[in-house]
Amino acid sequence: EDGEIKEATKEEGIPEGFMGLDCGPKSIELNAKAVMESKTIIWNGPMGVFEMPKFEKGTKSLMDTVVAATEAGVITVIGGGDTATGCKNYDTEDKVTHCSTGGGASLELLEGKDLPGVSALTDK
């Protein structure tokens with residue numbers, strides 16, 4: 001967290017000895033454009049290591065955009081423990097259509113896969 005921070009581009013790649021821990025300005029811009037052009041957003045997974053303030057910009061920006069999209073009538077679903085934690089940290093749980101901690105299971109449900117817990121309940 002206290003180490004040197006550099007920006008990278010798609011063309012340059014991530015420099016040797018560094019890690020990609022957040023989105024850069026271009027990715028933030030592209031993500032915002034995609035969200036605002038959508039009718040439904042299902043978001044599972046933060047954009048960076050948002051638990052560290054230096055690397056929360058991508059996640060916080062996307063959350064702000066998702067909230068703006070919700071206000072504009074887009075259906076927004078936050079699914080996943082880390083993303084739901086981001087929603088809680090940014091106090092946006094009631095500013096999206098739905099916030100769930102069931103990330104992987106939520107995606108499997110949307111894919112139409114069998115969820116053993118749901119199947120056990122429906123078999124009775």
Side-chain angles (χ1 to χ4, degrees):
E1 186 175 345
D2 294 329
E4 183 183 0
I5 297 173
K6 289 185 174 187
E7 282 191 12
T9 65
K10 179 180 174 182
E11 295 74 27
E12 297 167 349
I14 297 170
E16 183 73 30
F18 284 80
M19 297 168 43
L21 300 176
D22 200 2
C23 292
K26 184 67 175 174
S27 294
I28 289 171
E29 177 186 328
L30 291 169
N31 290 335
K33 183 178 185 302
V35 167
M36 295 311 290
E37 291 175 352
S38 299
K39 294 180 182 175
T40 303
I41 298 294
I42 299 172
W43 179 12
N44 182 3
M47 305 310 292
V49 185
F50 72 96
E51 298 89 346
M52 296 176 162
K54 290 181 181 179
F55 305 115
E56 74 172 341
K57 191 177 220 173
T59 301
K60 177 68 170 96
S61 320
L62 187 58
M63 188 66 73
D64 292 343
T65 303
V66 167
V67 167
T70 307
E71 290 169 353
V74 175
I75 296 169
T76 56
V77 178
I78 307 295
D82 287 339
T83 316
T85 298
C87 210
K88 181 176 172 64
N89 289 353
Y90 302 133
D91 196 29
T92 56
E93 294 164 299
D94 62 344
K95 296 178 176 122
V96 296
T97 308
H98 181 72
C99 182
S100 167
T101 57
S106 296
L107 293 177
E108 288 184 7
L109 179 65
L110 290 171
E111 289 177 41
K113 291 185 177 176
D114 180 55
L115 301 178
V118 174
S119 294
L121 293 172
T122 57
D123 288 344
K124 293 184 178 188

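The analysis underlying the following values was restricted to heavy atoms, covering all of them including side chains, and did not include hydrogens, waters or symmetry mates. Bear in mind that the values here come from a model prediction, so they are computed numbers and not experimental data. We number each residue from 1, following the sequence as shown.
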Report yes if the side chains of [X] and [Y] come closer than 4.5 Å at any heavy-atom pair, otherwise no.
X   : Y   : answer
V74 : T40 : no
V96 : V77 : no
T97 : T70 : yes
K26 : T9  : no
T65 : M36 : yes

Is there a side chain to side chain contact (heavy atoms under 4.5 Å, CB included) between I5 and K54? Walk through the geometry before answering. CA-CA 9 Å; I5 297 173; K54 290 181 181 179; 3.6 Å; yes
Distance in Å, [X] [atom1] paired with [Y] [atom2], rounded so as to fall on 0.5 Å steps:
X    : Y   : atom1 : atom2 : result
E29  : K33 : CD    : NZ    : 9.0 Å
M63  : T76 : CE    : OG1   : 9.5 Å
D22  : F55 : CG    : CZ    : 7.5 Å
L62  : W43 : CG    : CH2   : 4.0 Å
E51  : T85 : CD    : OG1   : 7.5 Å
L107 : N44 : CG    : CG    : 4.5 Å

Can any side-chain N or O of [X] pair as donor or acceptor with the backbone N or O of [Y] at less than 3.5 Å?
X   : Y   : result
K95 : D91 : yes
T59 : M47 : yes
S27 : C23 : no

I need the minimum non-hydrogen distance between [X] and [Y], along with the two atoms involved.
X    : Y    : value
C87  : I78  : SG-CG1, 4.1 Å
E7   : E12  : O-OE1, 4.2 Å
L115 : A105 : CD1-O, 3.9 Å
G13  : A8   : O-CB, 3.3 Å
T83  : G45  : OG1-N, 2.5 Å

What pairs of residues pass the salt bridge (charged side-chain N to carboxylate O under 4.0 Å, His left out) test when at least one of them lies in residues 98-122, not counting sequence neighbours?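 Salt bridge (charged side-chain N to carboxylate O under 4.0 Å, His left out) check on residues 98-122 returns E111-K113.
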Using a 4.5 Å cut-off between side-chain heavy atoms of Ile, Leu, Val, Met, Phe, Trp and Tyr, which other residues end up in the same hydrophobic cluster as F18?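 Members besides F18, by chain and number: I14.
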Can you list the steps and then say if L110 with I42 is a side chain to side chain contact (heavy atoms under 4.5 Å, CB included)? CA-CA 10 Å; L110 290 171; I42 299 172; 3.4 Å; yes
Cationic tip of K60 within the cone over F50's six-membered ring, i.e. under 6.0 Å and within 45° of the normal?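 Geometry flag: not set, cation outside 6.0 Å or 45°.
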